[in-house]
> 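I have a structure here, written as structure tokens, and I will follow up with some questions on it.
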Number of protein chains: 2
Amino acid sequence: MNVDTTGFETSSLSIGTLAQRAECKVQTIRYYEQIGLLPPPERNAGNQRRYTEDAVKRLTFIRHARDFGFTVEAIRELLDMSDQPDMPCDHVDGLAKRHLEEVEARLARLSVLRDELRRMILLCQGGNVGECRIIEVLSDHRLCRYHGHDADGNARD
Amino acid sequence: MNVDTTGFETSSLSIGTLAQRAECKVQTIRYYEQIGLLPPPERNAGNQRRYTEDAVKRLTFIRHARDFGFTVEAIRELLDMSDQPDMPCDHVDGLAKRHLEEVEARLARLSVLRDELRRMILLCQGGNVGECRIIEVLSDHRLCRYHGHDADGNARD
DNA sequence: GATATTCCCTACAGCCACTAGAGGTTCAAG
DNA sequence: CTTGAACCTCTAGTGGCTGTAGGGAATATC
């Protein structure tokens, strides 16, 4: 942190400091630069990245939006929009609402999945694999209520 | 489909037929063979894969287990175990229970996320991006209750 | 027998959002 | 001047597929 005697904040942060400030890994910052979420910063004489406070803000925004589950593409849009404060915020609202719907859909699918798993586990009375009802449920189409057709339970949920 | 006159089922299925029977894409079958979930089948004179009914069973099992959200590695174990019907089924049960716990954890995180998203959306009263509370919440650390540290809402949830 | 359509083959690139590692350079403290 | 942490670039890997290119094979129809 370097505040010079004129009171003018030159404030050039290393990538490690930025990472700490925005609770983010160093590699992730370089990745965001690579995909164009963060603008390439100035470099010092030794070719190391030097960031301003603006970068802290931008990265914090990105990390929060990621925590909220927004995709990188959605964040790109949100950033574009927040750079134009005079636009109506319908689109921001729309993005958020669509995201909420997706989260709700995932929740619904996951809770059906949870119920089916519970049911399956209750069936298992111990014993040998040969009589195991869990294996049986997984083998037999007819015993299986849950069909996560457009949900695979891993990637999207 | 070839059932000969003796009533003996020679039953050699093409990859496409197997795909239909197990509700699975052709590429996915080849992928499962590649990663060793399905054994390499016989080939006909023209180098095309020919499957037996056993393959239908195995693939159906795999697809159901995937629908239940088990990972490929877990399925590998389940398959190994179902090949040994005399083993006690504790391990099967354990796998299922651990999976259930993961699903429940994801559900819990997702529902916190849903609540936060709802709260955020309610704050937005229309108007311009400049006053948009959604952007504001995402920008400002202090307005943000949800911190999905080991959950990013996309990949793992 | 020719043709058209559909199936099948291999091999490889791409998806998402990072993460990890190799192998080298620069910086700050003592 | 030396040490060691932090930095640099580049590449490959994660999971679970999906899609495509550029062919060969099987089958139905004429």
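Note on naming: letters A, B, ... go to the chains in the order of the sequence lines (proteins, then strands), and numbering restarts at 1 for each one.
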> Under a 3.5 Å distance rule, please check whether B:S139 uses its side chain to pair with a backbone N or O of B:I135 as donor and acceptor.
yes
> I need the CZ-C1' distance between B:F70 and D:dG16, as an integer number of Å.
17 Å
> Given C:dC7, is OP1 or OP2 found less than 4.0 Å from the side-chain N or O atoms of B:S14?
no
> Toward the 5' end of DNA chain C, which comes first, A:T28 or A:A45, by nearest nucleotide?
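Per heavy-atom nearest nucleotide, the more 5' residue is A:T28.
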> Going by salt bridge (Lys or Arg N to Asp or Glu O under 4.0 Å), name the residues that satisfy it together with A:R76, two or more places apart in sequence or in a different chain.
A:E73
> Specify the separation, in whole Å, of atom CD of B:Q34 and atom P of C:dA13.
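Rounded to the whole Å, the gap is 13 Å.
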> Could you state the atom-to-atom distance from CD of A:Q27 to P of D:dC7 in whole Å?
11 Å
> Tell me, please, which residues at least two apart from A:V26 pass side chain to side chain contact (heavy atoms under 4.5 Å, CB included).
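Testing A:V26 for side chain to side chain contact (heavy atoms under 4.5 Å, CB included), a comparison that skips the adjacent residues, returns A:I15, A:A19, A:R30.
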> Rounded off to whole Å, could you give me the OH-to-P distance for the B:Y31 and D:dT18 pair?
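Computing the B:Y31:OH to D:dT18:P distance gives 10 Å.
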> Between atom CD in B:E33 and atom C1' in C:dC9, what is the gap in whole Å?
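Checked: the CD to C1' distance equals 12 Å.
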> Does any N or O in the side chain of A:N128 come within less than 3.5 Å of the main-chain N or O of A:G130, such that one atom is a donor and the other an acceptor?
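Pair absent, no side-chain N/O of A:N128 close to backbone of A:G130.
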> Reckon B:N44 has a side-chain N or O less than 4.0 Å from the OP1 or OP2 of D:dA26?
yes
> Residues in side chain to side chain contact (heavy atoms under 4.5 Å, CB included) with A:E77, at least two apart?
A:M81, A:H91, A:L95
> Does A:E104 have any side chain to side chain contact (heavy atoms under 4.5 Å, CB included) partners at least two apart in sequence or in another chain, and if so, which?
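Side chain to side chain contact (heavy atoms under 4.5 Å, CB included) check on A:E104 returns A:L100, B:R114, B:R118.
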> Starting at atom CD1 of B:I29, determine the distance to atom C1' of C:dT10, rounded to an integer number of angstrom.
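Taking CD1 of B:I29 and C1' of C:dT10, I get 16 Å after rounding.
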> Going by heavy atoms closer than 4.0 Å, what residues in residues 72-82 of chain A are next to DNA chain C?
A:V72
> Can you check the A:L37 CG to C:dC16 P distance for me, whole Å?
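The answer, rounded to whole Å, is 13 Å.
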> Please state how far atom NZ in A:K25 lies from atom P in C:dT19, giving the value in whole angstrom units.
5 Å
> Between B:Y32 and D:dG16, does any side-chain N or O lie under 4.0 Å from OP1 or OP2?
no
> Quick one: are A:L113 and B:D67 in side-chain contact, heavy atoms under 4.5 Å?
no
> Can you measure from CZ (A:R109) to CG (B:L110) and round to the nearest 0.5 angstrom?
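Rounded to the nearest 0.5 Å, the CZ-CG separation comes out at 10.0 Å.
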> How far apart are the closest heavy atoms of B:S14 and B:T17, and which atoms are they?
OG-OG1, 2.9 Å
> Please produce a list of atom pairs where a protein N or O lies less than 3.5 Å from an N or O of nucleotides 8-10 of chain D.
{"unit_1": "D:dC8", "atom_1": "OP1", "unit_2": "A:R49", "atom_2": "N", "d": "2.8"}
{"unit_1": "D:dC8", "atom_1": "OP1", "unit_2": "A:R49", "atom_2": "NH1", "d": "3.0"}
{"unit_1": "D:dC8", "atom_1": "OP2", "unit_2": "A:R30", "atom_2": "NH1", "d": "2.4"}
{"unit_1": "D:dC8", "atom_1": "OP2", "unit_2": "A:R49", "atom_2": "NH1", "d": "3.4"}
{"unit_1": "D:dC8", "atom_1": "O3'", "unit_2": "A:R43", "atom_2": "NH1", "d": "3.4"}
{"unit_1": "D:dT9", "atom_1": "OP1", "unit_2": "A:R43", "atom_2": "NH1", "d": "3.2"}
{"unit_1": "D:dT9", "atom_1": "OP1", "unit_2": "A:R43", "atom_2": "NH2", "d": "3.0"}
{"unit_1": "D:dT9", "atom_1": "OP2", "unit_2": "A:R49", "atom_2": "NH1", "d": "3.0"}
{"unit_1": "D:dT9", "atom_1": "OP2", "unit_2": "A:R49", "atom_2": "NH2", "d": "2.9"}

